[in-house]
Amino acid sequence: MATPTMDKVDDAKPAAVPSPYITVTFRIRRFNPEISAEAEWQDFPIEIDPKERVLDGLHKIKWETDGTLTFRRSCAHGICGSDAMRINGKNRLACKTLIKDINPEKPITIEAIKGLTVLKDLVVDMDPFFQAYRDVMPFLITKGNEPTRERLQSAEDRERFDDTTKCILCAACTSSCPVFWNDGQYFGPAAIVNAHRFIFDSRDEGGEQRLEILNDKDGVWRCRTTFNCTDACPRGIEVTKAIQEVKRALITRRF
Amino acid sequence: MSETTTSTVGPVEGESLYDVDHPAPVIEAPRARTKKTPKSTRTNFELYGWLFMRLSGIVLVVLVLGHLLIQLVLDGGVSKIGFAFVAGRWASPFWQTWDLLMLWLAMLHGANGLRTVINDYAERPNTRFWLKNLLYTATVFTVLLGTLVIFTFDPNIR
Ligand code: HEM
Ligand code: SF4
Ligand code: FES
């Protein structure tokens with residue numbers, strides 16, 4: 001199932017099976033600062049099997065029609081988090097979105113994720129996103145001597161933060177958040193998810209520091225419970241719930 | 001919407017202003033986070049603000065809905081409201097307290113809500129500063145004036 005877009009079978013048999021290919025229009029938001037200061041929509045009609053993914057369609061365009069089309073992807077299988085984009089107005093991974101699931105009758109709009117600086121076509125500057133990630137110290141913090149063997153943890157303790165370990169840092173959540181769209185200084189859901197992963201880890205001892213960081217003016221209190229992040233997350237993480245749990249931890253720490 | 005499949009980004013009329021050596025500015029996001037962004041203030045101001053919005057909201061449900069019911073629905077609706085009606089109600093410490101509480105809670109709740117809106121939408125630091133200044137001034141003025149009237153109301157004024 002990797003990328004069968006390239007090998008259209010030229011079937012000469014008379015009783016040929018009906019072709020699975022349909023014509024879909026990809027309406028892509030193009031931006032190239034070397035040509036124009038304005039971003040523009042451009043339509044690409046393509047012949048494709050609707051059971052293929054949006055990423056396959058993008059490949060087809062880039063490889064066969066317009067090599068200047070610029071986007072990120074690495075694994076093509078929903079693991080690396082490179083290809084989050086705004087497809088039909090909703091943040092998704094292009095490599096996990098089947099064309100048949102997003103109404104191929106109408107043009108499929110594809111744009112860069114919002115709230116981050118657009119560098120070219122679908123490529124954004126991820127630095128501010130990863131800055132917020134670094135700012136919550138996403139690594140194990142412990143005190144005292146290191147144990148000679150592994151740090152043990154009960155199954156229940158592991159379960160406590162299981163959901164937030166699934167994050168692939170695709171930025172679909174953060175770039176779906178209306179607070180982040182307008183104020184990029186907000187940490188954003190992804191950073192909070194990754195702080196949650198350590199705050200609720202029984203082996204970690206940096207919870208207090210991380211809570212203090214998220215207690216600040218650009219921290220969890222800017223969240224308005226819109227649930228856009230939960231809807232956007234391709235890993236099905238309950239992002240808004242994780243943010244609320246951090247809020248609750250902050251409040252119960254005070255009172 | 002043009003159905004082009006050529007590699008140009010839109011129609012470029014005549015000479016383009018931009019090329020590889022002179023690219024256009026990229027499309028920037030508002031107020032991006034940088035290495036210098038985290039300036040920890042180490043206060044619980046935002047925590048208390050968030051709690052206050054919820055607690056004052058609960059009390060305001062009773063105060064505001066009760067207020068609207070009494071003023072606009074019961075006993076002939078708005079037509080009953082006049083100087084005598086207000087004077088009659090403010091003769092009682094109960095309604096004085098009700099209105100005072102409603103004034104303070106609604107003003108602080110509304111002001112804190114608008115502070116959030118300014119934080120959301122004003123991008124330039126200067127705009128943020130002046131809008132908030134205006135907001136705080138208006139809030140303090142209204143709260144003080146309202147409090148003064150509730151406490152110094154004179155039903156015999158001519
Ligand atoms: C009737 C009972 C009320 C309840 C239960 C209530 C509740 C709330 C809550 C919980 C929030 C925070 C929302 C968030 O953080 O996402 C909020 C925001 C807000 N409230 Fe109220 N409120 C009430 C009445 C009022 C009144 C009377 C005013 C005007 C004076 C007001 C003005 C605002 C504003 C401007 C915001 C900010 C809006 C935003 O965050 O986008 N509210 N309210
Ligand atoms: S929480 Fe989900 S949407 Fe957000 S960065 Fe992680 S995987 Fe992506
Ligand atoms: S390309 Fe790796 S997640 Fe889609």
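Convention: sequence-line order gives letters A, B, ...; per-chain numbering from 1.
- Minimum heavy-atom separation, B/A29 to A/G115: CB-O, 3.1 Å.
- With a 4.5 Å cut-off on non-hydrogen atoms, A/R222 touches chain B through its side chain but not through its backbone.
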inquiry  = Applying side chain to side chain contact (heavy atoms under 4.5 Å, CB included) to B/W50 and A/V220, what does each step give before you reach the verdict?
reply    = CA-CA 10 Å; B/W50 186 90; A/V220 285; over 6 Å; no
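- Against chain A, the residues from residues 105-122 of chain B that qualify, each with a non-hydrogen atom under 4.5 angstrom away, are B/T116, B/N119, B/D120, B/Y121 in number order.
- Within 6.0 Å of atom CZ in B/F141, 12 or fewer heavy atoms from other residues, nucleotides or ligands are found, so the atom counts as exposed in its surroundings.
- Panel note: side chain B/R31, backbone A/D183; no donor-acceptor pair is recorded below 3.5 Å.
- Put simply, of A/F180, A/W221, A/F129, A/Y186, the one with the most heavy-atom pairs under 4.5 Å next to chain B is A/W221.
- Other residues, nucleotides and ligands place more than 12 heavy atoms under 6.0 Å from the NZ atom of B/K80.
- Rounded to the nearest 0.5 angstrom, A/L250 CG and B/L51 CG are separated by 10.5 Å.
- The two residues A/N215 and B/E46 make their nearest non-hydrogen contact at O-CB, 4.3 Å.
- For the atom pair CG of B/N44 and CD of A/E212, the computed distance is 7.0 Å after rounding to the nearest 0.5 Å.
- Around CZ of B/R124, the count of heavy atoms belonging to other residues, nucleotides or ligands within 6.0 Å does not exceed 12.
- When each of A/D125, A/N182, A/I61 is scored by its heavy-atom pairs under 4.5 Å with chain B, the top score falls to A/N182.
- Taking all atoms of both residues into account, the shortest heavy-atom contact from B/R33 to A/D218 is NH2-CB, 4.0 Å.
- Of all non-hydrogen atoms in A/I35 and B/Y18, the two that sit nearest each other are O-CD1, 3.8 Å.
- Proximity of A/K217 to B/F45: side-chain heavy atoms (C-beta onward) are nowhere separated by under 4.5 Å.
- Of the atoms belonging to A/L119, heavy atoms from both backbone and side chain fall under 4.5 Å from chain B.
- Once rounded to the nearest 0.5 Å, the distance linking CG of A/L211 with CG of B/L47 reads 10.5 Å.
- In terms of heavy-atom proximity, B/P23 sits nearest to A/E34 at CB-CG, 4.2 Å.
- If you measure heavy-atom distances from A/K247 to chain B, the contacts under 4.5 Å come from the side chain alone.
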